[in-house]
Amino acid sequence: MKVKLRNPNIIMKLSRLGSFHQSKLSFLRSFLKEFRDWEYKRDLFELDEFGHGTAVYSFKKNTRVYSLICFANELNENERSDRVIATKWDAAFALHDGVPTKQDINRLRNEVPRQEVGRLSYKELTLSRANKSVRAFNHVVESLSQGKQPDIELLSKIGYLYRTTAVYGSGKFGLADRFRIKHREEIYGPFRLEMMLVYLVRQFTFDQVNHMAKHKNPRKAASLDLEICRNLGIGNSTGLGMAPFIVNHPTLLNNWIFARETALKNIREIKNVKTEDSDLFKLCLKKSIKNITSWSTDSNYQQKKIRSLLNDLKKFIEFIENNFDFSKEFPFNEVYLWVEKNLEEECIEYIVSMMMEPYDDIVNPLINEMSSEEEKFFNIPTERTILDLKKILEEKYVEILKIDFSKKENNQNFWFISKNKEEPRMADRFKENGSDLEQPLAIARDIKKLYETLSVSKNSSTIDKFLVNNNHLRHVVRRAFIVEKFPYSEIQDNTIGQSIIPIDMLRLKLSFFGALKFDPRSDKWLRICMFQGAPLPNELKNYDAHWVYNSIN
Amino acid sequence: MRSLSEIDTTSKRASRAAGYPWGISEEVGKNIRMLEMFGLPGIKNLNDFLKKKKEYQFENLNLINLNNKTVKSHFCPIIAGISFLDQIKSLENLNEIKFEKIGYPLLFLPFVSRASEVIGKRLFLKLDNREFLLNFNNYIYSNFIKNNIIEVANVVSIQFLNNTDSFFEKEWNELYKLSEDTFVEETDSLKKSGAGAGLTDND
């Protein structure tokens, strides 16, 4: 039996993309898998009694070494902010390519804590900063210094000791361009070095609390229990900066979603499912409920989604336990059809993620297909005709062409880059200044404009002639020809409409990172947790691949 | 040192700020990145060009002909470049195209380099006495190695080089003969078993 890939006009709607969950394809899981046989070391740990100082951690294999350099600094209470406007943080980090020299560390000590206003070099690969969750951090240090383990309930509410507020890579602020490193096999999956940085930062947070507790009370202090460490992740606060990324990298977006859709298709096409595989699917599903019941958020929007997810999951478990037989042919196809018919988007995508758990053989080959070379598709095929382009738009943008952009609500917002932080922002076109400097992120509106212009052009004319008078539409002409080749490269929604929920765009990206516990703080930023439940660096050689569902929190 | 990613982004934004549409600004970003990667002074030339653009009123060349002459001022290198790249498929059968007075011609060069890749032919670009052999957008061979601003090239020509061998048949044959010394003379036994398919491949 052949199953069709799911329809991009449904899957690429923002409400659906904003319901995606982590899966075996997620970058933090594939990062751990790739680096499981690398040698991990803490090379330097020079902190004072207050936990301030420098530390270096590394992963090494043969002649290749990646080193995380950590700078922990003093920060006054009133200086601590997760917002992008902050200029100081509790700690700052850079991932260095190779073993850093003393000169490198001294150079980076001056630059890394300054983040966006510092300058990095091609020897650095990623850059980040993080703030303590003061409540959790102080409680852990205090408890350990008394020789006690911290209150697990408190930690489970928070989930981490530090929150990163940005992770930069790919040439930002002088960091190495991707072209310098892209042929290295170990980082062929997307965002692998960003994942490495976050993962090693997590270890630094454990080492720092142990160190401070010991200094506080050398005779009595205990070390943080390893089980508790495993159940702590690293938090992250993410704002709109992330949203335009998925619009500006259409082939990359396609490759992520295409991998997910291909995995689902292949699983639905399995004729006979082994009992051990269906059992593993059910086991992961049941164990994962802890991740939902411990998912804490004040956001009404998210609470509603969590409630719907839990209700639907109960319904689904009831269905597979009592009314379903995995020994029939193509059982996962039937499961999927039932899910699509009976459950909400949040749970549909949850179960799609779960269906991948037993199938390394299907998922693993797809992981290396998730990077992309956007530049290969940059040139516009100008020898093609107006008719060709019109057909592409009619086929690939069905819903978007129905939007009436003369209505105020469909044209409500605009995206811009803030002068202060050079970061993307969104504002109301009719209330705020600056829409004349709008970023080219109103794809739906511009595609519609392109279609209207094409409609009064001669079908047999070629694109080079069309562009002579219509170069203001060049960016969407390029895009349409990309979308022709890559079915999942375009968000099938209006990104400037009144009803847009920008965090749906963030959620999509973060789900591919492998984030858990999305906690929207508004419609424009959210907090998440990464690596919660993950093995510690010295346990990587032998760990449970389904660690995501082992969390006790 | 600025990364190529920073160079791309800043060039794109500056071009947009100078009045080019986003689609064209995206092209400029990629082009300046390419020039800098090839060791040519992209940022220097773009910066100077965008500063002078308002006061100088460069002329737009929208349709490329065999001979392209300006009416009043210098051709805008960006619009001339975009037109050349967009129209390259209809130009590829020509032998040579000439232009008169292209302003800041180094900004025109990346479009020609990319066109070379699109049609799969080497292009030989002359900017007055500066020569550039553009090889399928993979590398550039040139007698110009200065890191300076070129405000104008009065005489510009692009030759379309056919995909022909750069050597004589005799030279090829000699080299091929030498390469044959790596071959093994086949015995009867090797003839039977060496290829794998053997004697039963007519079944």
Side-chain angles (χ1 to χ4, degrees), chain A residues 116 119-125 127 168-180 244 248 374-384 415-417 419 422 436-443 446 450 462-481, chain B residues 1-31 33-34 36-38 60-64 76 78-92 110-111 113-120 136-138:
Chain A
E116 292 96 337
R119 287 303 297 172
L120 285 304
S121 80
Y122 68 91
K123 286 156 78 178
E124 282 76 54
L125 305 166
L127 172 75
Y168 297 112
S170 292
K172 280 237 175 176
F173 318 117
L175 292 167
D177 279 301
R178 183 152 174 84
F179 83 89
R180 292 180 183 272
N248 290 332
E374 299 281 351
E375 259 128 66
K376 273 191 195 165
F377 308 96
F378 187 73
N379 283 346
I380 298 170
T382 50
E383 73 282 9
R384 302 276 299 272
W415 292 83
F416 65 101
I417 303 284
K419 195 153 194 167
E422 297 192 14
D436 51 327
L437 300 175
E438 182 169 14
Q439 289 289 299
L441 297 167
I443 303 301
D446 295 350
L450 172 62
T462 46
I463 300 300
D464 59 329
K465 294 186 183 74
F466 175 78
L467 285 173
V468 167
N469 294 316
N470 294 292
N471 257 320
H472 62 290
L473 294 167
R474 190 178 186 87
H475 63 294
V476 271
V477 171
R478 185 190 331 278
R479 212 170 166 91
F481 283 115
Chain B
M1 185 187 173
R2 302 288 162 186
S3 69
L4 294 177
S5 162
E6 289 173 299
I7 286 169
D8 185 335
T9 305
T10 300
S11 302
K12 177 176 72 179
R13 289 178 182 164
S15 303
R16 173 64 182 148
Y20 290 107
W22 275 115
I24 290 183
S25 304
E26 287 166 353
E27 308 272 355
V28 176
K30 295 277 174 284
N31 287 354
R33 175 192 181 113
M34 190 188 104
E36 292 288 339
M37 195 170 72
F38 284 140
N60 285 347
L61 174 60
N62 290 315
L63 205 61
I64 306 288
C76 164
I78 308 294
I79 300 301
I82 288 270
S83 303
F84 183 78
L85 177 63
D86 284 354
Q87 293 155 36
I88 188 62
K89 289 271 183 173
S90 54
L91 302 170
E92 66 175 314
F111 291 106
S113 178
R114 288 166 57 194
S116 162
E117 185 185 16
V118 171
I119 57 170
F136 316 112
N137 205 27
N138 274 329

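Since the model is a prediction, treat every value here as computed from it, not as a measurement. All chains are named by letter (A, B, ...) in the order of the sequence lines, taking the proteins before the strands, and each is independently numbered beginning at 1.
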Among B:Asp86, B:Asn62, B:Ile82, B:Ile79, which residue meets the side chain to side chain contact (heavy atoms under 4.5 Å, CB included) test with A:Val468? B:Asn62

I'd like to verify something: which residue of A:Gly171, A:Gly174, A:Pro440 has the highest number of heavy-atom pairs under 4.5 Å with chain B? A:Pro440

Once rounded to the nearest 0.5 Å, what's the spacing between atom CH2 of B:Trp22 and atom CD of A:Glu438? 10.0 Å

Does a side-chain N-to-carboxylate-O contact under 4.0 Å join A:Arg479 and B:Glu26? no

Part of A:Ser121 within contact of chain B (heavy atom distance under 4.5 Å): neither

About how many Å separate OG of B:Ser3 and CD of A:Glu124, when rounded to the nearest 0.5 Å? 12.5 Å

Should we count CZ of B:Phe136 as having more than 12 external heavy atoms under 6.0 Å? yes

Worked check of salt bridge (Lys or Arg N to Asp or Glu O under 4.0 Å) between A:Glu374 and B:Lys30: CA-CA 11 Å; A:Glu374 299 281 351; B:Lys30 295 277 174 284; over 6 Å; no

Any donor-acceptor pair under 3.5 Å from A:Asp177 side chain to B:Ser5 backbone: yes

Between CZ of B:Arg13 and CG of A:Leu437, what distance do you get to the nearest 0.5 Å? 12.0 Å

Give the minimum heavy-atom separation between A:His472 and B:Pro21, together with the two atoms involved. CA-CB, 3.7 Å

Separation of B:Asn137 CG from A:Asn379 CG (nearest 0.5 Å): 8.0 Å

Identify which of A:Glu375, A:Lys465, A:Arg178, A:Lys172 forms the greatest number of heavy-atom pairs closer than 4.5 Å to chain B. A:Glu375

Distance-only, no hydrogens or angles: does the A:Arg119 side chain make a donor-acceptor pair with backbone N or O of B:Met1 under 3.5 Å? yes

Comparing A:Ile380, A:Thr462, A:Asn471, A:Ile463 against chain B, the one with the most heavy-atom pairs below 4.5 Å turns out to be A:Asn471

If you measure from CG on B:Leu85 to OG1 on A:Thr382, what distance do you get to the nearest 0.5 Å? 6.5 Å

Should A:Arg478 and B:Glu27 count as side-chain neighbours, where that means a heavy-atom distance under 4.5 Å? yes

